[in-house]
Amino acid sequence: MHDSPITNRIRRLRFDHGEMTQQELADKVGVTRQTVIAIEAGKYAPSLPLAFRIARVFHTSVEDVFQYGDGQASSDTQTQAP
């Protein structure tokens, strides 16, 4: 099974916001608790609208909640030595 290159900080954000439960987050964004569990575990990448709803719950940006990539710099962002 291929793991998603998308990681997230949902668990940390839930605890930083009054120890919000997975069910509370699910209710706020209109999904099931199982969906929140799968997203937190990196087994499911949320739709863009859902990603925005999650970010809004935490009063932050999508980029602060979700990170994309494998940690390696892409060739277009690397600079060449002089």
Side-chain angles (χ1 to χ4, degrees):
M1 183 173 159
H2 184 278
D3 289 338
S4 171
I6 298 174
T7 59
N8 68 76
R9 299 180 53 239
I10 294 174
R11 181 181 166 103
R12 174 82 264 156
L13 289 165
R14 284 193 303 104
F15 283 97
D16 289 346
H17 285 79
E19 298 188 12
M20 181 185 300
T21 66
Q22 291 170 330
Q23 186 63 59
E24 289 170 332
L25 177 58
D27 291 343
K28 288 176 186 280
V29 299
V31 298
T32 65
R33 179 173 169 260
Q34 288 76 18
T35 298
V36 171
I37 291 167
I39 293 169
E40 274 191 20
K43 297 183 183 299
Y44 174 73
S47 67
L48 191 53
L50 177 54
F52 275 102
R53 289 195 310 268
I54 291 169
R56 284 185 181 149
V57 166
F58 298 120
H59 309 287
T60 193
S61 67
V62 172
E63 293 86 358
D64 192 44
V65 179
F66 298 96
Q67 298 75 46
Y68 179 79
D70 60 5
Q72 296 178 358
S74 66
S75 61
D76 59 15
T77 61
Q78 295 175 349
T79 57
Q80 294 181 341

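Sequential numbering from 1 along the given sequence is applied to the chain's residues. What you see is a predicted model, and the numbers here were worked out from it, not measured in a lab.
- Taken from CD1 in Ile10 to NE2 in His17, the straight-line distance is 12.5 Å, to the nearest 0.5 Å.
- Every residue two or more places apart in sequence or in another chain was checked for a salt bridge (charged side-chain N to carboxylate O under 4.0 Å, His left out) with Arg53, and none qualifies.
- With a 4.5 Å cut-off on side-chain heavy atoms, Val36 and Tyr44 do not count as touching.
- Applying the side chain to side chain contact (heavy atoms under 4.5 Å, CB included) test to Arg12 and every residue at least two apart in sequence or in another chain returns Arg9, Phe15, Asp16.
- By the 4.5 Å heavy-atom criterion applied to side chains, Gln22 and Ile37 are counted as neighbours.
- The neighbour count for Phe66 CZ, taken as heavy atoms of other residues, nucleotides or ligands under 6.0 Å away, is above 12.
- For Ile39 against Pro46, the heavy-atom pair with the smallest separation is CD1-CB, 3.9 Å.
- Under the 4.5 Å side-chain criterion, counting only non-hydrogen atoms from C-beta, Leu25 is not in contact with Thr21.
- We find that Glu40 and Arg14 are joined by a salt bridge, their nearest charged nitrogen and carboxylate oxygen being less than 4.0 Å apart.
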